[in-house]
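Working notes, beginning with the structure itself.
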Protein chains: 2
Amino acid sequence: MEHDTDRKDSRASDEVVRLLSAKIQSGEYSDGSPLPAERSLMEELGISRTVVREAVQSLSKQGLVVARPRHRPIVRKPGYEAAISALESVATHLLDNMTGVRNLFDTRIMIEAALVRQAAKEANREDIAALKSALEANRAAIADSDEFYRTDNAFHGVLYDISRNPVLPSIHKAYSTWLEPQWSQMPRLPERNEANYEAHRRIFDAILLRDPDAAEDALREHLNNAWKQVCRTFDEQP
Amino acid sequence: MEHDTDRKDSRASDEVVRLLSAKIQSGEYSDGSPLPAERSLMEELGISRTVVREAVQSLSKQGLVVARPRHRPIVRKPGYEAAISALESVATHLLDNMTGVRNLFDTRIMIEAALVRQAAKEANREDIAALKSALEANRAAIADSDEFYRTDNAFHGVLYDISRNPVLPSIHKAYSTWLEPQWSQMPRLPERNEANYEAHRRIFDAILLRDPDAAEDALREHLNNAWKQVCRTFDEQP
DNA sequence: GATTCCTTTTGGTATGACCAAATGAAATCT
DNA sequence: AGATTTCATTTGGTCATACCAAAAGGAATC
């Protein structure tokens, strides 16, 4: 008879990973500074370089360190952004087809719809001020498509910030990063900028009027239009 | 003068990763079957075992293969669940304190609120039927707390399924997995089950009545209550 | 003070070896 | 014959060593 699952399995690197990530969180390895040299760790921990390298690679995939090819791994405290970066490699596979992108974009619509509803119901003066400021920056950049892209993104970012949940800004960054390839191939037309700015203004107005339904509608129309533009760019039927 | 970014950086394993993931996606390495032995790949590709192992580890972290410690890596086609599993290690770090859990739980409330709104607006007969069936299973399990937990989770899962966006069920699984530790330590009382079932019923009724606002309210109250229970369990002020 | 040049350090890769667990086939038992 | 045990082989995990090219750091130079 077999003992169904042998939980004795273990990789030596796992323990090293745990040890190192503990030292990172405790601040013993301060954020931004390089990890000790592989040979040092090897000696210090009494293990082979193989295991050290394996552990470092794990940490890298977990986003706890950034490991540029021939450089020392740089420590990066675990944050929600680190979590997102851990997803990057997988996301690449899921976004190589249009339906994958669409699925991700749909979640974005859903989340931002929820965000604007929440903003319409709970935004305080500072939130409104930040939103207004972002909107005006967006307006001022209508003529400059690159700058408009930035301010557009920033405007949406404010919506995520309003939630005051640190997870959400990270998600926004992820959306920006992963959907950027689609956006960057689109033609930048001032008239499009104008339309997008108007959409942002409608969203802002609805939030100002404390009207969640109107805010959600405006947001959905805005993002659906954006999706149509993407489809047109890639010759796909909307 | 520097050439800003030297794009010459590369790890030999990266190319191997690309090659192998291509063979996986093309089906040359069929789903569920083991990857060739390291020594085979080494010879076949004319590289050292070091690089092969490094590549395999990358594939593993990307969720393209599942590599149990002393077994052959098993090919697994990339899905959204693979993406979630990539987050697991980082999530652990973020969930070791109560605020981390709360932040995650808040996103859950937000997403499920959006889901029930959507369900109230767009659910079709089959969705309603699935929801009703899940609700009845939940009701039948009020006396059995373990079974109730399962059916409770399943009921919420249906909400994610209704979106018909394959990303969301994966997110549900992630929530279930990551928040399970909190739940499992809570006392299981039939009276609590009863109350939770009633909450589910209210949500269902609101969806049936096509009333997004009522559905959202019911959902929020339900999850906020759940959170209070968690807080009480862990002696934290709500 | 900035630049160039050189030495050392360090990460990336290749080899070869050994062990314990996993695998698969042969031998054995029922 | 079919299931079980036994044993030889394969294979992943780890270690040790070596070499190279790039990075890092410091010394000599402009």
Side-chain angles (χ1 to χ4, degrees), chain A residues 1-20 23-24 29-30 32-76 89, chain B residues 1-20 23-24 29-30 32-76 89:
Chain A
M1 175 184 289
E2 300 173 352
H3 286 143
D4 58 355
T5 50
D6 293 20
R7 311 211 172 282
K8 296 298 176 186
D9 303 301
S10 69
R11 271 175 277 263
S13 61
D14 287 341
E15 197 175 348
V16 180
V17 167
R18 238 177 303 134
L19 194 151
L20 290 181
K23 288 199 173 187
I24 290 176
Y29 294 153
S30 53
S33 62
L35 223 54
E38 293 176 356
R39 289 173 174 84
S40 308
L41 289 171
M42 168 184 134
E43 236 179 284
E44 177 185 334
L45 302 178
I47 55 179
S48 72
R49 197 142 84 94
T50 309
V51 176
V52 173
R53 288 182 56 76
E54 210 169 306
V56 170
Q57 197 186 339
S58 281
L59 290 175
S60 169
K61 297 287 179 185
Q62 293 181 23
L64 288 170
V65 303
V66 294
R68 281 154 51 229
R70 284 183 177 277
H71 296 259
R72 292 275 277 284
I74 304 291
V75 172
R76 190 174 63 174
S89 52
Chain B
M1 176 185 292
E2 300 173 353
H3 286 142
D4 59 355
T5 51
D6 292 20
R7 313 213 172 281
K8 295 299 176 186
D9 302 305
S10 69
R11 271 176 276 262
S13 62
D14 288 340
E15 196 174 348
V16 180
V17 168
R18 239 177 300 136
L19 194 151
L20 290 181
K23 287 198 173 187
I24 290 176
Y29 294 152
S30 54
S33 62
L35 224 53
E38 294 176 355
R39 289 171 174 84
S40 309
L41 289 171
M42 168 185 133
E43 235 179 284
E44 178 185 333
L45 302 178
I47 55 181
S48 72
R49 195 144 85 94
T50 310
V51 175
V52 173
R53 287 182 58 76
E54 209 169 307
V56 169
Q57 197 187 338
S58 281
L59 290 175
S60 170
K61 297 287 179 188
Q62 294 182 24
L64 285 169
V65 303
V66 37
R68 280 150 55 227
R70 285 183 177 276
H71 295 261
R72 293 274 278 282
I74 304 292
V75 173
R76 187 177 67 174
S89 51

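Residue numbers begin at 1 in each chain, while the letters A, B, ... track the order of the sequences.
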Considering heavy-atom distances to DNA chain D, does A:V51 or B:E38 have its closest nucleotide positioned more toward the 5' end?
B:E38

Can you see if the side chain of B:R39 gets near the phosphate of D:dT10 - specifically, an N or O under 4.0 Å from OP1 or OP2?
no

Output the rounded distance in Å from CD (A:E54) to P (C:dG12).
14 Å

Between P on C:dT10 and CZ on A:R68, what's the gap in Å once rounded to a whole number?
17 Å

If you compare every side-chain N and O of B:S48 against the phosphate oxygens of C:dA14 (OP1, OP2), does one of them come in below 4.0 Å?
yes

Does OP1 or OP2 of C:dG12 have a side-chain N or O of B:R11 closer than 4.0 Å?
yes

Gap between atoms CZ and P, on B:R70 and C:dT23 respectively (whole Å):
12 Å

Separation of C:dG12 P from B:E15 CD (nearest whole Å)
17 Å

Heavy atoms only: give me the nearest B:P73-B:V56 pair and the separation to one decimal.
CG-CG1, 3.8 Å

Looking at A:R53, does any N or O in its side chain come under 4.0 Å of the phosphate oxygens OP1/OP2 on C:dG12?
yes

Side chains of B:V17 and B:Q62 in contact at under 4.5 Å (non-hydrogen atoms):
yes

C:dT23 OP1/OP2 closer than 4.0 Å to side-chain N/O of B:H71:
yes

Between C:dG12 atom P and B:I47 atom CD1, what is the distance in whole Å?
16 Å

Between A:R76 and A:G63 (side chain of the first, backbone of the second, donor and acceptor by atom type, cut-off under 3.5 Å), is there such a pair?
yes

For B:M42 and D:dT10, what is the distance between atoms CE and P respectively, to the nearest whole Å?
15 Å

Any sub-3.5 Å donor-acceptor pair from B:E38's side-chain atoms to B:V52's backbone N or O?
no

Starting from C1' on C:dA22, measure out to CD1 on B:I74 and report it in whole angstrom.
12 Å

Between A:T50 and B:S40, which has a closest nucleotide on DNA chain D that is more 5'?
B:S40

Regarding the side chain of A:P73, the nearest nucleotide among D:dT14, C:dG11, D:dG12 is C:dG11

When you check the phosphate oxygens OP1 and OP2 of C:dG11, does a side-chain N or O of A:R72 lie under 4.0 Å from one of them?
yes

The answer to which of A:L35 and B:R49 contacts DNA chain C further toward the 5' end, by nearest nucleotide, is A:L35

Minimum heavy-atom separation for B:V16 to B:A55, with atom names?
CG1-CB, 3.6 Å

